[in-house]
2 protein chains.
Amino acid sequence: MVGIKDIAQKAGVSISTVSYALNGSPKVTEETRARIQAIANELNYVPNMAARTLKRRQTNIIGVYLADYAGSFYGELLDGIKKGLELFGYEMIVCSGKKSHLFIPERMVDGAIILDWTFPAKEIEQYAQRGHQIVVLDRVLSHENIHQVLLDNKGGAALAIDRLIAGQSQKVFLLAGPEKGYDSRERLEASTKELTRFGIPYEVIPGDFTEPSGYRAAKQLLANDPQFPIDIFAFNDEMAIGVYKYVRETDYRIGKEIRIIGFDNTELGAFVQPRLATISYSKHRWGMVAAEKIVQSIQGEPVADEHIYTTFVDGGSFI
Amino acid sequence: MVGIKDIAQKAGVSISTVSYALNGSPKVTEETRARIQAIANELNYVPNMAARTLKRRQTNIIGVYLADYAGSFYGELLDGIKKGLELFGYEMIVCSGKKSHLFIPERMVDGAIILDWTFPAKEIEQYAQRGHQIVVLDRVLSHENIHQVLLDNKGGAALAIDRLIAGQSQKVFLLAGPEKGYDSRERLEASTKELTRFGIPYEVIPGDFTEPSGYRAAKQLLANDPQFPIDIFAFNDEMAIGVYKYVRETDYRIGKEIRIIGFDNTELGAFVQPRLATISYSKHRWGMVAAEKIVQSIQGEPVADEHIYTTFVDGGSFI
DNA sequence: TTGTAGGCGTTATCAA
DNA sequence: TTGATAACGCCTACAA
């Protein structure tokens, strides 16, 4: 491995001079700087990250933690985070799985962005307590080193419910996500509140944000001699797609006997026929804002929590 | 930050004893080992990765390089890689973008798995030349430090063409991917060879593996007063979906006037109606094998290049 | 069984 | 403007 020592030797200077030159310090002549740079290039020198990190105590890398890599959902979000971090000279690495959590206390990353319901809150708080900066996208945690960029779940749910009501719905089935999950809880709370306000009866059907759970829910709903139309607000598009799948096996039609609104505006929802009506938000922006927040908090600037707002997307699945 | 020094002090022993104890060396009493471990836990000690790496000269991290994070395509593959690496005690980080390439020469990662046509071959070879181990999934590079786990593109293409021929196709439109891309080139070569062998006329339509390029291709095909049925072999599912999108805007029907076979067996292709006939392979296995190869080559074991085989998946889009 | 000390490759503080 | 040198936190001969 070629290090600054080799360069120093070849250039006939000391290692500190090399270090200065390579780091663009004004303490060396432009001439020697150029000469040393040339030698460095010639030798294909690349600084050893471990050594540099050991000394500087920062890596300029942000870790993004996801529960899994499935679904086209994450694509745009990661893109947004990456673009955002680039603006500040940070690199992004994407991690998943328990062991990679250690990157945080090990100081392999300067900060973390978490969208992973699998990541225990206790653990996050512990890292924050040790002084690590963290931005969470899927929960609320109160700590000076933790900040959040959250979806406006309540606003989104209210949008969906308002549409259902405008569509003369007589009863609404709320196809919920995991009970302990923040997003699902918020959507549920806002939905029931809004429905109650308008005096519309509703029923909560448990789900877990996966397609199969949507499929099962649809099966169950149609098995019980239902009253049509059946109006469903699925707390994410994936479960809504599961409903489509089951309904497709019957003679019922989405948008007629079964009316449904999703949440997330995924690619698949936009492709199915009829198009899935859903709640949309900019995943790209979400990522950009998260990146901005983590950098700000690392740099010790004051950072305010922020929300990502939602809009309603029309689709043939509802009216 | 709490280091072994702090532990040593609190335990009243030297730092080396702590190091030995924490690393399970047989050079310390089980008793002191337990005592030191207890103190380490109490102090929430986590080893500093930079320092450890500097000394050990390895991180036990493999970098996976992707062109982007889009599409559900990568989900299973990454899952396979992660699972595979776990078996050998390695962690995975997912990277994208030019700057993260530096992780390789910087020794931030012990090895790299590359599926990123954006990553210049020259650069890969350069890193290999410096002694870094690399596994590529999307090209053939000849170097002792580079190994490949490739799709059996030719076999897959032949499968598709054989079906088309069995379906009495009179002419086949080959909807190709990027010209310089390895996968597309292989599929094209095998397709034309097979078609020529059977004396079936064909026409190559340029595309770039994106949905819009499939859409455009369909538009173009249908504009020229074509002869039905139009038989298409799209070199990936995404472009095939583009074809679906355009056809849907017309009165023609997929599976009737337009018959099409894709490649990749993506989730979306399985969902559309009629189901997209396509070439399938195990992305999970692909990842597992890639993981195995990179670890083997890091550990200096002999490693043989391997192929991932394909199968045909029936769908209403063809016959 | 435990302690001392040198070194991993850089950076940064002093002197020169 | 440069050079010698001490950290950074951990590992590991070698010595005790």
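Computed from a prediction, not measured in an experiment: that's the story for all the values here. Every chain is numbered from 1, with letters handed out A, B, ... down the list of sequences.
Salt bridge A:Glu42/A:Lys10: present, at least one basic N to carboxylate O contact under 4.0 Å. Classification of B:Glu86 and A:Lys98 as a salt-bridged pair fails, no side-chain N sitting under 4.0 Å from a carboxylate O. In this structure, B:Asp79 pairs ionically with B:Lys83, as a charged nitrogen and a carboxylate oxygen lie closer than 4.0 Å.
Side-chain atoms of B:Ser16 and B:Ser19 form no donor-acceptor pair, as typed in the model, at a separation below 3.5 Å. For B:Ser25 and B:Asn23, the side-chain atoms include no donor-acceptor pair closer than 3.5 Å. A donor-acceptor contact closer than 3.5 angstrom is absent between the side chains of B:Thr266 and B:Asp264.
Separating the CD atom of A:Glu30 from the C1' atom of D:dT2 is a distance of 16 Å, rounded to the nearest angstrom. Rounded to an integer number of Å, the gap from CG of A:Asn48 to C1' of D:dC8 is 13 Å.
Looking at every heavy atom in both residues, B:Tyr65 comes nearest to B:Ile104 through OH-CG1, 3.6 Å.
The nearest heavy atom of DNA chain C to B:Pro26 and to B:Arg57 marks one nucleotide each, and the one closer to the 5' end goes with B:Pro26.
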Base contacts versus sugar-phosphate-only contacts with protein, heavy atoms under 4.0 Å: please encode nucleotides 11-16 of chain D as B, S and - from 5' to 3'. BBBB--

Side-chain donor-acceptor pairs of residues 111-122 of chain A under 3.5 Å, sequence neighbours excluded:
{"unit_1": "A:Asp116", "atom_1": "OD1", "unit_2": "A:Thr118", "atom_2": "N", "d": "2.8"}

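Nucleic acid contact for A:Thr53: none, since no nucleic acid atom lies under 4.0 Å from a heavy atom of the residue. Among the atoms of the strands shown, only primed sugar atoms or phosphate atoms (P, OP1, OP2) are found under 4.0 Å from some heavy atom of B:Thr32.
Using a 4.0 Å cutoff to heavy atoms of chain B, the contacted part of DNA chain C runs 5' to 3' from C:dT1 to C:dG9.
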